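This report refers to the structure that appears directly beneath it.
In the text below, chain A, chain B and the rest are named by the order of the sequence lines, each starting its count at 1. Computed over heavy atoms, backbone and side chain alike; hydrogens, waters and symmetry mates excluded. Note that this is a predicted model, so its numbers are computed, not measured.
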2 protein chains.
Amino acid sequence: MASNSKNIFKEILKKEGLRYTQQRQLVWDELKNSHDHRDAENIYMCIRNNGLNVSRATVYRTIDVLVKNRLVRKMDVGDGRNRFEPRLNDDHHDHMICQNTGDIIEFFNEELEILQEKIANDLGYTVVRHVHQLFVKPLTK
Amino acid sequence: MASNSKNIFKEILKKEGLRYTQQRQLVWDELKNSHDHRDAENIYMCIRNNGLNVSRATVYRTIDVLVKNRLVRKMDVGDGRNRFEPRLNDDHHDHMICQNTGDIIEFFNEELEILQEKIANDLGYTVVRHVHQLFVKPLTK
DNA sequence: TTCAGGATGAGACTCATTCTCAATAAGGAA
DNA sequence: TTCCTTATTGAGAATGAGTCTCATCCTGAA
Ligand SMILES: [Mn+2]
Ligand SMILES: [Mn+2]
Ligand SMILES: [Zn+2]
Ligand SMILES: [Zn+2]
């Protein structure tokens, strides 16, 4: 049901010893209702354009909690501001950024994931997290 | 000889229609004489501690030229400031960042490079550049 | 319903990087 | 060499994403 993600959110706040507030719910709603890779300002403005009011500080503070608890993923495309995407069904994927259109294409390749873990192991490490971004251009036919 | 990289640098400035200046040479010297992954402030301070004087603005401006012409590589480890490393013999490699020590370990894996190009191709793209960073922890024996 | 203490909002602040502009110095011409 | 045009430089102001402060507000346990 629609309230499932709300309950997950409430659980997390409880676990963190934080209170459930209107503002925190609004930020989470705004994030989970789009699959885009958006920056904090965009999330802030969308809430505001909806006639609701949550401060920038609260947007940032709430996103931190969401990222820490893996409900949201933080990413940096190299343009100086972080982007966020919801992560409801904890599926890992990496990104391809089209240099022509700015489109962000998601991809997942098991072989790649295994290979990078192997590379780390061979050097005496294990991968905790990783960033893999391909900046691409369309193939000319 | 030692002046080879200086000549390469002069060539690039000429090609870009820029003048050869003491300050620009000092920034390039500072960068090429270390294999570390350093931030702009570090480069600025090292030059200054050598009793020489180049402004921050010029350090940033010169690095831009070096990056554009592939004499220097720009990277972002996610701590809010860019890092730079020389790139004299245009060898590609990716990075592993140790979460415990902060060490940056370089690696290169042909198979990985080929695989990511294949992934892009399958989606109708070709890879122009990529970022691949593994945030790792030492394996416990 | 009460009320202690966590949460919020507005704006100050931080810090890396970029911009401004008057003064300086390359470097081609003669 | 000297001259002269114009790119370059330096100091500091400006920018912008993100963080912090603190007076006020609100949550939620009792
Ligand atoms: Mn994504
Ligand atoms: Mn490196
Ligand atoms: Zn991956
Ligand atoms: Zn690579």
Side-chain angles (χ1 to χ4, degrees), chain A residues 6-7 9-31 37-69 72-84, chain B residues 6-7 9-31 37-48 50-69 72 74-84:
Chain A
K6 178 185 272 191
N7 289 330
F9 183 50
K10 284 187 172 175
E11 283 307 312
I12 282 171
L13 291 177
K14 185 171 292 178
K15 176 173 65 83
E16 291 278 336
L18 300 171
R19 293 178 179 171
Y20 174 80
T21 65
Q22 277 311 301
Q23 289 87 337
R24 284 175 171 153
Q25 181 64 57
L26 286 172
V27 174
W28 173 224
D29 281 345
E30 188 56 42
L31 262 159
H37 304 83
R38 313 154 75 194
D39 59 29
E41 184 66 17
N42 179 284
I43 290 158
Y44 168 70
M45 286 310 295
C46 285
I47 292 173
R48 178 157 282 250
N49 290 342
N50 255 35
L52 302 161
N53 194 29
V54 177
S55 71
R56 254 183 270 267
T58 295
V59 168
Y60 278 105
R61 288 187 283 231
T62 304
I63 288 175
D64 282 347
V65 176
L66 292 166
V67 168
K68 180 180 176 195
N69 289 279
V72 163
R73 175 137 80 127
K74 183 180 193 169
M75 60 179 285
D76 173 13
V77 185
D79 62 352
R81 59 216 138 102
N82 289 310
R83 286 162 184 278
F84 307 93
Chain B
K6 178 186 271 190
N7 289 331
F9 183 49
K10 283 187 173 177
E11 282 308 310
I12 283 170
L13 291 177
K14 185 170 292 177
K15 176 174 64 85
E16 291 278 338
L18 301 171
R19 292 176 181 175
Y20 173 79
T21 65
Q22 277 311 301
Q23 290 87 336
R24 283 174 173 154
Q25 181 63 58
L26 286 172
V27 173
W28 173 223
D29 282 344
E30 187 57 42
L31 262 160
H37 304 82
R38 312 154 75 194
D39 59 29
E41 185 65 17
N42 180 284
I43 290 158
Y44 168 71
M45 287 310 296
C46 286
I47 292 172
R48 178 157 282 248
N50 255 34
L52 302 162
N53 195 29
V54 176
S55 71
R56 271 193 191 80
T58 296
V59 168
Y60 278 104
R61 287 186 284 229
T62 304
I63 288 175
D64 282 347
V65 176
L66 292 166
V67 168
K68 181 181 176 194
N69 290 278
V72 163
K74 183 180 193 168
M75 60 179 287
D76 173 13
V77 186
D79 62 353
R81 59 214 137 103
N82 290 309
R83 287 162 184 278
F84 306 93

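We find that A:R81 and A:D79 are joined by a salt bridge, their nearest charged nitrogen and carboxylate oxygen being less than 4.0 Å apart.
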Could you go through nucleotides 14-16 of chain C and list every protein N or O atom that sits under 3.5 Å from one of its N or O atoms, giving the distance for each pair?
none

What nitrogen or oxygen pairs link the protein and nucleotides 8-12 of chain C at under 3.5 Å?
{"residue": "C:dT8", "atom": "OP1", "partner": "A:T21", "partner atom": "OG1", "Å": "2.6"}
{"residue": "C:dT8", "atom": "O3'", "partner": "A:Q23", "partner atom": "NE2", "Å": "3.1"}
{"residue": "C:dG9", "atom": "OP1", "partner": "A:N53", "partner atom": "O", "Å": "3.2"}
{"residue": "C:dG9", "atom": "OP2", "partner": "A:S55", "partner atom": "N", "Å": "2.9"}
{"residue": "C:dG9", "atom": "OP2", "partner": "A:S55", "partner atom": "OG", "Å": "2.9"}
{"residue": "C:dG9", "atom": "OP2", "partner": "A:T58", "partner atom": "OG1", "Å": "2.8"}
{"residue": "C:dG9", "atom": "N7", "partner": "A:R61", "partner atom": "NH2", "Å": "2.9"}

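A:L18 places its CG atom 11 Å from the P atom of C:dG6, with the value rounded to the nearest Å. Note: CG (B:L13) to P (C:dG28) measures 13 Å, nearest angstrom. Here the P atom of nucleotide C:dA26 and the CD atom of B:E16 are 20 Å apart, to the nearest Å. Here the P atom of nucleotide C:dG28 and the OH atom of B:Y20 are 15 Å apart, to the nearest Å. Taking atom CZ on A:R38 and atom P on D:dG18, their separation rounds to 14 Å, with Å as the unit. A straight line from CD1 of B:I43 to P of C:dT17 spans 10 Å, rounded to a whole angstrom. Between the CG atom of A:D39 and the C1' atom of D:dG18 there is a distance of 12 Å, rounded to whole Å. Atom CH2 in B:W28 sits about 19 Å away from atom P in D:dT8, given to the nearest Å.
Of the residues A:H37, A:R38, A:K74, the one that meets the side chain to side chain contact (heavy atoms under 4.5 Å, CB included) test with A:N82 is A:K74. Among the candidates B:T62, B:I63, B:V72, the single residue satisfying the side chain to side chain contact (heavy atoms under 4.5 Å, CB included) test with B:W28 is B:V72.
For the residue pair B:R24 and B:R19, the shortest heavy atom distance occurs at NH1-O, 2.7 Å. Summarising the geometry of A:L26 relative to A:I47, their closest heavy-atom pair is O-CD1, 4.0 Å, with the distance given to 0.1 Å. Contact between A:F84 and A:A40 at its shortest, heavy atoms only, is CE1-N, 4.0 Å.
Residues B:K15 and B:E11 fail the side-chain proximity criterion, which asks for heavy atoms closer than 4.5 Å. B:E30 is not listed as a side-chain neighbour of B:V59, based on a closest heavy-atom distance of 4.5 Å or more. For the pair A:R73 and A:V67, the minimum side-chain heavy-atom distance is 4.5 Å or more.
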